[in-house]
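Data block below; observations after.
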Amino acid sequence: VIDAYRIEYLHDHQQGAGAAMTTLGYRIGVLASGGGALIIADAAGWAVSYAVMAALMVIGFVTTLISPEPNAPKVIADDQSYAAWLKSAVMDPFADFMTRRNAIAILAFIGLYKYGDALLAVMSNPFYVDMGFSLTEIGLVTKTYGVAMTMAGSFVGGILVMRFGILPTLFWGGIAMAASNLLFALLATLGNNLFAFIAVISVENFANGLGGVAAIAYLSSLCNVAFTATQYALMTSFMAFTRTILASGGGWLADQVDWVTYFIITTFAGAPGLVLLWWLMRHIRTADKPAAPISALAADD
């Protein structure tokens, strides 16, 4: 719903920055409700920690109450039955998306873009433990410092989307995410080296933040403003579902090869998504424009 509001409320040229701010806000929330809640609980007890977390929710309530309703077209059926509502809220948005040009290729790209990153993520914690890093080191580097680097990458990604457009940023962000996997292969050869661990997490999380913001901006640009919430939910769910299914064999693969080989494979696993993106860039006229839901729709007419 937040993403639907962002897409409908912001102007076309603001979509890249809006995607970055949404990601930054989410990451700040992760830090506050994760490490922040634990710190408060350790200092003052769980009752105080939960009370503070509940108080922070007031920010969302107040923001919702004072925010204006976006001036976006809505599809309201004359028939107010449940079946008609279900059709207009779920079926029509899906049908609308599938009627556009290159819909199948776009869906394939959405499912494959972060495949290499998903294979990396599913085996990252076992890898860290196998390298001999302590749970404290893993927590501080990946869950605290790593989140900060993701936020930095998200900020830069928003700037690049505004400056160069969605698809070029998406392409180079995908290359950066795939290339960062090779650093894990290097870490596997170095072993328990805390400095190398921090450096690898820095690059990987920064690249992930950059590519992630570009992906959010791209999905936003695909949404028909009349069906924003449903179409965005369908696309993000499809991305998460396919990524999870495709990465489910990561554990088996890691058992068959050594860590260096595994991370090299995850690097090349990002290639199909990049090839599809390159093809889309050659066939979509809005490739050199910033996030613009209306422009994206016009290109499909």
Side-chain angles (χ1 to χ4, degrees), residues 23-24 26-31 33-35 38 110-154 156-157 173-216 236 239-274:
T23 303
L24 286 172
Y26 169 75
R27 295 296 177 181
I28 291 172
V30 168
L31 288 174
S33 61
L38 293 176
I110 290 173
L112 292 172
Y113 182 61
K114 286 195 170 186
Y115 181 34
D117 182 65
L119 282 174
L120 171 70
V122 76
M123 292 305 298
S124 58
N125 281 334
F127 169 67
Y128 302 148
V129 173
D130 201 31
M131 291 296 101
F133 295 109
S134 69
L135 295 180
T136 299
E137 290 172 334
I138 295 172
L140 289 175
V141 174
T142 65
K143 303 302 183 184
T144 303
Y145 173 74
V147 170
M149 291 305 300
T150 302
M151 292 168 65
S154 300
V156 173
I175 290 178
M177 287 192 297
S180 68
N181 287 16
L182 289 176
L183 295 179
F184 280 81
L186 176 61
L187 181 60
T189 63
L190 296 176
N192 192 324
N193 186 314
L194 185 58
F195 177 78
F197 183 31
I198 294 172
V200 169
I201 292 299
S202 298
V203 176
E204 196 273 335
N205 283 32
F206 185 90
N208 192 268
L210 192 156
V213 161
I216 292 172
T236 52
M239 175 181 280
F241 174 76
T242 54
R243 192 172 61 205
T244 301
I245 294 299
L246 291 173
S248 60
W252 174 86
L253 179 61
D255 277 340
Q256 311 306 310
V257 298
D258 58 72
W259 284 119
V260 173
T261 303
Y262 179 81
F263 290 122
I264 291 175
I265 292 173
T266 65
T267 300
F268 286 100
L274 290 173

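The chain is numbered in sequence order, starting from 1. If you're wondering where the values come from, they're calculated on a predicted model, not measured in any experiment.
The ring of Phe127 has its center no closer than 6.0 angstrom to the ring center of Tyr262.
The distance from atom OH of Tyr26 to atom CG of Leu31, rounded to the nearest 0.5 Å, is 10.5 Å. Distance check: Met131 CE to Asn193 CG gives 11.5 Å after rounding to the nearest 0.5 Å. From Ser154, atom OG reaches atom CE of Met149 across 10.5 Å, with rounding to the nearest 0.5 Å. Rounding to the nearest 0.5 Å gives a distance of 8.0 Å between CD1 of Ile138 and OH of Tyr128. Separating the CZ atom in Phe268 from the CG atom in Leu119 is a distance of 14.0 Å, to the nearest 0.5 Å.
The stretch residues 201-211 participates, sequence neighbours left out, in these side chain to side chain donor-acceptor pair (under 3.5 Å) pairs: Asp117-Asn208, Tyr145-Ser202, Thr150-Asn205.
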Run the numbers on Phe263 and Thr267 for side-chain contact (heavy atoms from CB on, under 4.5 Å), then give the verdict. CA-CA 6 Å; Phe263 290 122; Thr267 300; 5.6 Å; no

Notebook entry, point to check: Given Thr142 and Phe197, is the side-chain contact (heavy atoms from CB on, under 4.5 Å) satisfied, shown in steps?
Noted result: CA-CA 9 Å; Thr142 65; Phe197 183 31; 3.8 Å; yes

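Residues meeting the side-chain contact (heavy atoms from CB on, under 4.5 Å) test with Ser134, sequence neighbours left out: Thr136, Glu137. Remark: Thr261 pairs with Val257, Asp258, Ile265 by the side-chain contact (heavy atoms from CB on, under 4.5 Å) rule, at least two apart or across chains. The side-chain contact (heavy atoms from CB on, under 4.5 Å) test applied to Asn192 returns Phe133, not counting sequence neighbours. With sequence neighbours left out, Asp130 forms a side-chain hydrogen bond (donor to acceptor under 3.5 Å, both in side chains) with Trp259. For the ring-ring contact (aromatic ring centres under 6.0 Å, His included) test, no residue two or more places apart in sequence or in another chain qualifies with Phe206. Residues satisfying the side-chain contact (heavy atoms from CB on, under 4.5 Å) criterion with Thr244, sequence neighbours excluded, are absent altogether.
Across all non-hydrogen atoms, the minimal contact from Leu190 to Ala196 is CD1-CB, 3.8 Å. Residue Ala247 comes nearest to Val122 through the heavy atom pair O-CG1, 3.8 Å, listed as atom of the first residue, atom of the second, then distance. For Arg243 against Ala118, the heavy-atom pair with the smallest separation is CG-CB, 3.0 Å. For Pro272 against Leu112, the heavy-atom pair with the smallest separation is CB-CD1, 4.1 Å.
Within the 4.5 Å cutoff, the side chain of Leu186 has no heavy atoms near those of the Val200 side chain.
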Quiz: residues 173-182 side-chain donor-acceptor pairs under 3.5 angstrom, not counting sequence neighbours:
residue	atom	partner	partner atom	Å
Ser180	OG	Ala176	O	3.4
Ser180	OG	Met177	O	2.7
Asn181	ND2	Gly116	O	3.4
Asn181	ND2	Thr266	OG1	3.0

